[in-house]
*Asks:* 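The structure is given below, and queries will be raised subsequently.
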2 protein chains.
Amino acid sequence: METRELRYFVAVAEELHFGRAAERLGIAQPPLSRAIGQLERRLGARLLERTSRSVALTGAGEVLLAEARTALDAVAAAERRTRRAAEAPTGGAGLVLVSKAGAANELVAKLLDQYAAEPDAVGVDVMLVGPGLQEQALRDGRADVAILHAPWDDVAGFDTEVLTVEDPAVLVQAGHPLTGRDAVHASELEALVGLPAPRWPDREGRYADGPGPEVHDVTQLLQLIALGRTYLVAPVSAAAQAGEGVAAVPLLGAPPVTTLLAWPPQSRSRDLASFVRVATGA
Amino acid sequence: METRELRYFVAVAEELHFGRAAERLGIAQPPLSRAIGQLERRLGARLLERTSRSVALTGAGEVLLAEARTALDAVAAAERRTRRAAEAPTGGAGLVLVSKAGAANELVAKLLDQYAAEPDAVGVDVMLVGPGLQEQALRDGRADVAILHAPWDDVAGFDTEVLTVEDPAVLVQAGHPLTGRDAVHASELEALVGLPAPRWPDREGRYADGPGPEVHDVTQLLQLIALGRTYLVAPVSAAAQAGEGVAAVPLLGAPPVTTLLAWPPQSRSRDLASFVRVATGA
DNA sequence: GAAGCCCATACCCTGGAGGTATCGATCGCG
DNA sequence: CGCGATCGATACCTCCAGGGTATGGGCTTC
């Protein structure tokens with residue numbers, strides 16, 4: 001199977017419409033129909049159930065959609081990381097670290113300082129993205145190593161090292177009724193806080209429907225908290241840099257927040273290995 | 001990048017010889033030279049340093065080799081799993097479980113029985129391979145779920161659930177001096193056992209050089225142990241099924257052996273999920 | 001039943017992948 | 001030092017696969 005075929009199939013599977021998929025791919029509809037037909041014939045599997053009015057995925061089609069996405073990510077990662085490896089000696093960054101915008105700032109700063117002091121250190125670019133998007137950056141090669149927060153971020157499929165374990169806290173507007181309390185229990189959180197959770201964009205930059213403000217970075221989020229429009233559950237350390245107008249209340253009965261370093265398991269890069277070694281204090 | 005280009009590059013990178021790589025790929029040498037040249041031009045990166053007498057990987061080339069291997073595995077997995085998904089309703093196996101030949105037999109049997117009793121159970125094929133080859137089967141889609149043994153097998157990159165934790169033991173010929181002892185400490189194992197470790201084939205079916213007999217399944221290995229030609233460190237449960245002529249001595253000072261279930265993290269298959277649920281006793 | 005939507009088929013054309021022949025550089029050897 | 005052998009690169013040709021346009025044919029909708 002060629003990546004072109006996988007790209008074509010993913011486009012059709014996502015659009016469930018040959019015409020729109022072809023437009024998205026920048027080709028005409030007939031070649032797309034043929035390409036999918038050939039793919040089905042060679043796999044010996046029906047991937048799409050189509051009538052002249054609708055297109056639907058078969059079971060095999062759903063399997064291929066999931067597998068094709070990860071395969072295409074792996075190919076994209078190969079291309080990006082190779083490009084970066086070639087540029088690295090001539091001024092490009094040797095490593096890209098991705099973190100949640102606004103999170104774990106102190107930790108990251110300390111980490112970068114420590115690493116920069118190493119004799120064989122290479123340049124490190126820091127990339128900041130919304131929650132849940134770091135994993136994607138790691139998978140498709142835009143980043144080499146990520147700061148993740150279990151249990152919120154999905155750690156599956158990466159090598160990890162734990163950096164810190166912290167208790168969670170609720171961040172609300174200063175003066176909110178909750179701030180009068182010593183702590184909140186997770187089970188009563190929703191009722192007591194009385195505010196909608198913020199909504200972050202997904203990997204295509206779109207927002208799901210629902211209550212709660214749309215946010216795309218932490219500065220913006222902290223302002224919205226200070227204005228009493230939303231709240232946030234975060235590690236206690238985040239409360240320190242929240243600033244004016246925001247108060248933190250310890251959250252009980254919730255799992256601790258583990259900050260960890262994650263990287264793709266097949267990475268055998270010398271630079272990455274030495275970065276991880278420094279980060280884990282070995 | 002197309003998978004064809006990645007296959008070509010991997011062939012050259014592994015052979016470090018355009019002629020042999022072309023032969024392996026079943027094409028002539030000139031198109032291969034051109035394809036690599038084009039790849040380098042499009043990536044803007046020199047991948048191979050070649051003189052008329054030698055071919056060597058550049059830094060970028062090494063990165064691409066590692067990344068390309070995992071990308072090609074992902075593509076192969078997409079193809080295999082799609083094929084299997086299409087065959088499943090008509091008699092093919094819905095799931096493929098891969099385990100080390102001869103290991104954890106009882107556990108696996110119990111697991112399969114429990115799962116088969118589920119209302120929505122699908123057929124499960126069991127695939128047995130040599131140590132260290134299960135991960136590859138999982139990565140390239142020949143299997144959906146594996147039984148692995150930490151810390152011997154490499155768990156990186158998979159979702160896992162722990163099944164059992166056991167103490168390790170040394171399996172030697174019955175009557176071996178060691179069998180007179182209550183236990184052995186890991187640090188003194190090599191000196192006391194006085195035998196070479198067995199050698200298993202790697203992913204291409206080749207054996208590394210060194211002392212110790214070449215083995216490719218556990219029956220064969222147990223016979224060799226009974227003949228006093230080699231020894232094995234295994235979880236204590238393995239000793240039970242070792243049979244005549246083989247004795248087990250507890251091994252101290254070594255990490256416990258964790259038997260775990262592993263599967264590719266992106267798998268969203270309903271069947272796999274229910275298998276894992278049964279296996280973890282939830 | 002007329003119109004519109006949408007996927008499949010028919011047919012043509014071009015780019016690029018693959019083949020053969022050969023060059024040019026390098027190394028070993030007498 | 002010159003000769004042959006080795007090996008990657010280049011030149012040139014062929015052919016097919018991937019892409020385009022035109023159109024058919026099944027459904028749905030008023």
Side-chain angles (χ1 to χ4, degrees), chain A residues 1-58 60-62 64-65 68 71-72 75 78-79 86, chain B residues 1-58 60-62 64-65 68 71-72 75 78-79 86:
Chain A
M1 278 197 305
E2 292 302 314
T3 62
R4 183 180 44 79
E5 305 180 271
L6 294 178
R7 276 192 297 269
Y8 285 11
F9 174 74
V10 169
V12 177
E14 285 178 355
E15 300 284 347
L16 291 177
H17 189 292
F18 281 72
R20 278 195 300 275
E23 190 181 3
R24 190 172 120 184
L25 292 165
I27 64 170
Q29 170 260 318
L32 181 55
S33 283
R34 255 183 314 157
I36 300 292
Q38 280 178 25
L39 185 59
E40 288 183 322
R41 228 171 309 124
R42 263 189 312 168
L43 287 173
R46 189 144 204 79
L47 300 172
L48 297 161
E49 215 54 70
R50 40 219 144 169
T51 70
S52 63
R53 299 302 289 177
S54 71
V55 176
L57 281 169
T58 64
E62 288 193 33
L64 183 57
L65 178 56
L72 289 175
V75 172
E79 183 159 348
Chain B
M1 276 197 307
E2 293 301 314
T3 62
R4 182 180 45 77
E5 304 180 273
L6 294 178
R7 276 191 297 270
Y8 285 10
F9 174 73
V10 170
V12 177
E14 285 179 354
E15 300 283 347
L16 292 178
H17 188 293
F18 280 74
R20 279 195 301 274
E23 191 182 1
R24 189 172 121 184
L25 292 166
I27 64 171
Q29 171 259 319
L32 181 56
S33 282
R34 256 182 314 157
I36 300 293
Q38 279 178 25
L39 185 59
E40 288 183 322
R41 229 171 307 125
R42 264 190 311 171
L43 288 173
R46 187 144 205 80
L47 300 171
L48 298 161
E49 213 57 68
R50 40 217 144 168
T51 70
S52 65
R53 301 301 291 176
S54 71
V55 177
L57 281 169
T58 63
E62 288 194 32
L64 183 58
L65 178 57
L72 289 175
V75 172
E79 184 160 348

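Convention: sequence-line order gives letters A, B, ...; per-chain numbering from 1.
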*Asks:* Rounding to an integer number of Å, can you tell me how far A:I36 CD1 sits from D:dG18 P?
*Replies:* 13 Å
*Asks:* Side chains of B:I36 and B:R50: closer than 4.5 Å at any heavy-atom pair?
*Replies:* yes
*Asks:* Please state whether the phosphate of C:dC6, meaning OP1 or OP2, lies under 4.0 angstrom from any side-chain nitrogen or oxygen of A:R50.
*Replies:* no
*Asks:* Rounded to the nearest Å, what distance is computed from the CD1 atom of residue B:I27 to the P atom of nucleotide D:dC16?
*Replies:* 18 Å
*Asks:* For B:E2 and C:dG15, what is the distance between atoms CD and C1' respectively, to the nearest whole Å?
*Replies:* 15 Å
*Asks:* Without decimals, in angstroms, what is the distance between A:E15 CD and C:dC5 P?
*Replies:* 18 Å
*Asks:* A:R4 or A:T51: which one's nearest nucleotide on DNA chain D is closer to the 5' end?
*Replies:* A:R4
*Asks:* Specify the separation, in whole Å, of atom CG of B:L25 and atom P of C:dG19.
*Replies:* 10 Å
*Asks:* State plainly whether the residues B:R7 and A:E2 are in salt-bridge range, i.e. N to O under 4.0 Å.
*Replies:* yes
*Asks:* Count the heavy atoms of every other residue, nucleotide or ligand shown that sit under 6.0 Å from CD of A:E23, and state whether that count exceeds 12.
*Replies:* no
*Asks:* Rounded to whole angstroms, how far apart are CG on B:L48 and P on D:dC7?
*Replies:* 16 Å
*Asks:* For a quick test of reading the model: is some side-chain N or O of A:S33 closer than 4.0 Å to OP1 or OP2 of C:dA8?
*Replies:* yes
*Asks:* Contact class for B:Q38 vs. all strands (heavy atom < 4.0 Å): base, sugar-phosphate, or nothing?
*Replies:* sugar-phosphate
*Asks:* Mind calculating the distance between CZ (B:R46) and P (D:dA9) to the nearest angstrom?
*Replies:* 8 Å
*Asks:* Can you tell me if A:Q29 touches the phosphate of D:dT21, counting only side-chain N or O atoms and a distance under 4.0 Å to OP1 or OP2?
*Replies:* no
*Asks:* Look at the side chain of B:E40 and the backbone N and O of B:L48, then say whether any donor-acceptor pair between them is shorter than 3.5 Å.
*Replies:* yes
*Asks:* Scan A:R34 against the nucleic acid and name what it touches under 4.0 Å (heavy atoms): base, sugar-phosphate only, or nothing.
*Replies:* base
*Asks:* Can you tell me how far P of C:dC6 sits from CG of A:L32, to the nearest Å?
*Replies:* 14 Å
*Asks:* Among D:dC7, D:dG19, C:dT9, which nucleotide sits nearest the side chain of A:P30?
*Replies:* C:dT9
*Asks:* How far apart are the C-alpha atoms of B:L57 and B:L47, what are their side-chain angles, what is the distance that settles it, and do they pass the side chain to side chain contact (heavy atoms under 4.5 Å, CB included) test?
*Replies:* CA-CA 6 Å; B:L57 281 169; B:L47 300 171; 5.9 Å; no
